[in-house]
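Here's the structure, in structure tokens; my notes come after.
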Amino acid sequence: MNIVYKDSYKLKTCFIVFLGILISGCMTPPINTINKTASENKVLKIETNDTPSISIPTYADIFTYPFDPEEPQLDMGVGGRLVVIEGCLLIESSDGVFSTPILPEGVSYWDKDKGIVYIYDRGFLIGNIIRSNGVALDSQFQKVQNIFISKAKPSCLKRHSILFGTKFD
């Protein structure tokens with residue numbers, strides 16, 4: 001009788017181990033969900049329909065840069081005449097060179113209907129001269145283009161640009 005008992009004990013033990021493996025296998029998620037990276041989890045769901053969607057870039061009216069009124073500003077002087085050419089806000093220098101104005105984000109606005117550029121509470125009419133603190137830049141450098149918060153049409157970005165501050169004459 002002891003022999004039968006020992007064999008049934010081994011059989012019960014094997015059965016319990018087998019059930020444990022079977023249950024844990026059903027409860028463990030598949031390998032492909034365990035090894036997902038964070039970037040895979042950020043994939044957006046894209047719905048498809050029968051008509052192809054065309055992505056049209058949206059542009060702002062002006063180029064702006066990140067502005068913090070608490071940060072010190074450059075004291076170098078820049079300026080020129082505000083002009084609009086082919087829908088682009090530009091600065092014309094005294095020698096006839098056109099530059100793209102880069103204005104402080106959050107405090108600048110171009111009211112196209114009235115023909116006024118606002119920086120803080122100051123309004124500047126198109127055609128008038130604007131002088132401020134700031135710096136002239138070469139727009140072709142990628143580092144210059146990387147500072148933009150908002151961007152106007154690419155055709156409005158001239159070779160030269162002027163980064164305006166908020167201190168005016």
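- Proximity of Leu82 to Asn128: side-chain heavy atoms (C-beta onward) are nowhere separated by under 4.5 Å.
- Shown here is Lys167, whose NZ atom has more than 12 heavy atoms of other residues, nucleotides or ligands within 6.0 Å.
- Hydrophobic clustering, with ILVMFWY side chains joined whenever heavy atoms are under 4.5 angstrom apart, keeps Leu89 apart from Ile102.
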Checklist line | side chain to side chain contact (heavy atoms under 4.5 Å, CB included) evaluation trace for Ile91 with Phe98 | finding: CA-CA 6 Å; Ile91 300 291; Phe98 293 99; over 6 Å; no
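- Distance check, rounded to the nearest 0.5 Å: CG of Asp68 to CD of Gln73 gives 10.0 Å.
- Residues Gln145 and Ser139 have side chains that never bring a donor and an acceptor to within less than 3.5 angstrom of each other.
- Ile147 is connected to Phe67 through a chain of hydrophobic side-chain contacts under 4.5 Å among Ile, Leu, Val, Met, Phe, Trp and Tyr, so both are in one cluster.
- Counting heavy atoms from C-beta on, the side chains of Val117 and Leu103 come closer than 4.5 Å.
- Annotation for Arg131: atom CZ does not count as buried by contact number, only 12 or fewer foreign heavy atoms lying within 6.0 Å.
- Under the 4.5 Å side-chain heavy-atom criterion for Ile, Leu, Val, Met, Phe, Trp and Tyr, Leu125 and Ile85 are members of distinct hydrophobic clusters.
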Item checked: Derivation of the side chain to side chain contact (heavy atoms under 4.5 Å, CB included) call for Asn133 and Met76 -> CA-CA 5 Å; Asn133 64 314; Met76 297 169 46; over 6 Å; no
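- Atoms CD1 and NZ, from Ile126 and Lys114 in turn, are 13.5 Å apart once rounded to the nearest 0.5 Å.
- Side-chain contact between Phe168 and Ile119 is present, with at least one heavy-atom pair separated by less than 4.5 Å.
- Phe148 and Phe63 have tilted rings, their planes meeting at an angle from 30° to 60° on a 0 to 90° scale.
- Of the options Val144, Leu137, Leu157, a side-chain contact (heavy atoms from CB on, under 4.5 Å) to Thr100 is made by Leu157 and by none of the others.
- In this structure, the side chains of Ser108 and Ile62 come closer than 4.5 Å at one or more pairs of heavy atoms.
- Side-chain contact check for Ser161 and Ser99: no donor-acceptor pair (N or O, by modelled atom type) lies under 3.5 Å.
- With a 4.5 Å cut-off on side-chain heavy atoms, Asp138 and Arg159 count as touching.
- Val97 places a side-chain heavy atom less than 4.5 Å from the side chain of His160.
- Remark: the backbone N or O of Val78 is not paired with any side-chain donor or acceptor of Ser132 at under 3.5 angstrom.
- Listed for the Arg81 side chain is a donor-acceptor partner under 3.5 Å among the backbone atoms of Gly127.
- Side-chain contact check for Glu105 versus Ser150: some heavy-atom pair is nearer than 4.5 Å.
- Hydrophobic clustering (ILVMFWY, side-chain heavy atoms < 4.5 Å, transitive): Val84 and Phe124 are in one cluster.
- To the nearest 0.5 Å, atom CD1 of residue Ile116 and atom CZ of residue Arg122 are 13.0 Å apart.
- The shortest non-hydrogen separation linking Tyr118 to Gly123 is CD2-CA, 3.8 Å.
- The two residues Pro101 and Phe164 have their closest heavy-atom pair at CB-CE1, 3.9 Å.
- Looking at every heavy atom in both residues, Ala152 comes nearest to Asp61 through CB-O, 3.8 Å.
- Side chains of Tyr65 and Pro104 form a contact here, defined as non-hydrogen atoms less than 4.5 Å apart.
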